[in-house]
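Written below as structure tokens is the structure these notes are about.
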Amino acid sequence: MIMTSLRRRGAALAAGLLSAALVLSACGGDDGDGDDTGGAAGGTRSIQADNGTIEVPADPQRVATIGNTTLPFIDLGGKPIGVTEESASDVGQLPEDQQATYESATILAASADEVDLEELAGLNPDLILVQIPDSEFEPLKARLEAIAPTAFFGLDTEWKALADGVAAAGGLTDRLGEQKAEFDTRLAAIKEERGAAIEGTSFVDVIRWSSSDAGTFAIADIGCSEIARDEVGLDLPEAAAGADPLAWTSLPFEQLGELSQYDVITYPVDAEGQPTEPFKPVVETNTWKALPAVTSGHALGVFCPGNNSYGSVIRYLDSLDKALATLPDGA
């Protein structure tokens, strides 16, 4: 599940975990027919996307990114000419060079929830990458494709598949291969070096969203929690098959005491290791301070810059590895 954020099983999840739901609007006038620039002169390649087999430039030079494709494309080393607006908090968690890349692109909207297709066409893109809800893409499919070859990925596309698709369309497969190799190396090292601390230890990942009601928190089972559970192998609670994610259910602070049943608690911190602003009210409660995992030093702050690309996941693994290193074997 993608989160940038977060963050993707349906439009409701996209709205809740990422930013405002993306709605594109077109002004009147010419739809635009793109421009034979950049990679188009070097021929084309066929790639697979959720909207079928797409002919894209062999070496695209003017890529526009819409929705959740922006940060993965930048993470792969891409330099988009136009992007849809990301939240300041998401941009602030990027490495400095990626922040500069994002800031150099044209924001394709006066606000975060609109994109003017005439402005997009005016940028003369030779490729458009899109990840938004299917219901929003279908009415726009023909108009986007009239501007430039358009590769669409639905919200149910898992993060690894999205990275594959973005890299294939954008001509960034070499960098993707390097990231995959680094990811595999980091993951194998964590399993080997922290295996004794992980084995037989029960974990719970807790979260508090910026949109959470006062006095509430949630059990995280999506986003970086999925990486910890499915890739690293932490014993973490998750929703039953077919049920809504646990992370969607707000729990009152009075239920913090129920976390006593777990050996280790992980919670969100920023890049400096401090509890995130939304989570600060949790750590300030007496109930939190009295939890066995907290008093024993087994409440671990972990930095999650996102789970929608290899680069952000590698940064998460680095933080998780450092946190797990503080546990004794057989915590």
Side-chain angles (χ1 to χ4, degrees), residues 1-10 12-21 71 86-94 112 202-229 234-239 243-308 312-313 315-316 319-320 322-324:
M1 181 176 297
I2 287 186
M3 180 175 93
T4 34
S5 21
L6 292 43
R7 334 71 23 176
R8 134 178 92 61
R9 293 173 186 158
L13 180 58
L17 299 186
L18 298 170
S19 54
L71 298 186
E86 298 288 336
S87 69
S89 60
D90 285 346
V91 174
Q93 294 185 127
L94 297 175
S202 63
F203 291 79
V204 63
D205 190 25
V206 291
I207 191 74
R208 190 169 186 277
W209 313 109
S210 58
S211 59
S212 293
D213 292 334
T216 65
F217 74 104
I219 303 297
D221 58 341
I222 54 178
C224 285
S225 182
E226 288 182 283
I227 305 298
R229 183 184 65 243
L234 269 59
D235 178 13
L236 286 160
E238 63 179 315
D244 287 340
L246 299 177
W248 289 10
T249 301
S250 295
L251 303 172
F253 282 175
E254 288 77 12
Q255 292 189 29
L256 282 168
E258 297 179 10
L259 302 179
S260 297
Q261 64 184 293
Y262 300 99
D263 299 321
V264 178
I265 300 171
T266 59
Y267 64 94
V269 297
D270 58 26
E272 286 70 46
Q274 299 302 309
T276 59
E277 283 297 325
F279 200 76
K280 283 182 179 178
V282 176
V283 302
E284 292 170 354
T285 65
N286 290 330
T287 306
W288 172 267
K289 295 174 182 177
L291 287 169
V294 175
T295 60
S296 66
H298 292 174
L300 311 178
V302 184
F303 175 54
C304 173
N307 76 314
N308 64 348
S312 60
V313 169
R315 294 173 72 201
Y316 167 70
S319 180
L320 180 63
K322 292 177 181 176
L324 293 174

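Side-chain atoms are counted along with the backbone in the values below, which use heavy atoms only and exclude waters and symmetry mates.
- L246 has its side chain within reach of P237: a pair of non-hydrogen atoms, C-beta onward, lies under 4.5 Å apart.
- At a threshold of 4.5 Å between non-hydrogen side-chain atoms, the residues W288 and I265 count as touching.
- Looking at every heavy atom in both residues, A247 comes nearest to A220 through CB-CA, 4.2 Å.
- For G306 against C224, the heavy-atom pair with the smallest separation is O-SG, 3.8 Å.
- Here the closest non-hydrogen pair linking P245 and A239 is CA-CB, 4.0 Å.
- Scanning for ring-ring contact (aromatic ring centres under 6.0 Å, His included) contacts around F203 gives an empty result, with sequence neighbours left out.
- Under the rule for a salt bridge (Lys or Arg N to Asp or Glu O under 4.0 Å), the partners of E277 that lie at least two apart in sequence or sit in another chain are K280.
- In terms of the side-chain hydrogen bond (donor to acceptor under 3.5 Å, both in side chains) criterion, residue partners of S89 (sequence neighbours excluded) are, by chain and number, S87.
- Between Q93 and C304 the shortest heavy-atom distance is OE1-O, 3.9 Å.
- The two atoms that bring S319 and G301 nearest to each other are OG-O, 4.4 Å, heavy atoms only.
- Considering only residues two or more places apart in sequence or on other chains, R229 meets the salt bridge (Lys or Arg N to Asp or Glu O under 4.0 Å) condition with E238.
- Sequence neighbours left out, not one pair with a member in residues 204-220 passes salt bridge (charged side-chain N to carboxylate O under 4.0 Å, His left out).
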Return all side-chain donor-acceptor pairs below 3.5 angstrom for residues 249-262, not counting sequence neighbours, or 'none' if the list is empty.
from, atom 1, to, atom 2, distance (Å)
S260, OG, G257, O, 2.9
Q261, NE2, E258, O, 3.1

(request) Given side chain to side chain contact (heavy atoms under 4.5 Å, CB included), test N308 with L71 step by step and report yes or no. (result) CA-CA 8 Å; N308 64 348; L71 298 186; 3.9 Å; yes
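- Y316 meets the ring-ring contact (aromatic ring centres under 6.0 Å, His included) test with no other residue; sequence neighbours excluded.
- Qualifying side-chain hydrogen bond (donor to acceptor under 3.5 Å, both in side chains) partners for K322, counting only residues two or more places apart in sequence or in other chains: none.
- Heavy-atom minimum distance, P268 versus I207: CG-CD1, 3.7 Å.
- Residue pairs meeting the side-chain hydrogen bond (donor to acceptor under 3.5 Å, both in side chains) criterion with at least one member in residues 214-225: none, sequence neighbours excluded.
- Atom CD1 of I227 is separated from atom CG of L320 by 10.5 Å, given to the nearest 0.5 angstrom.
- S202 is linked by a side-chain hydrogen bond (donor to acceptor under 3.5 Å, both in side chains) to D263, counting only residues two or more places apart in sequence or in another chain.
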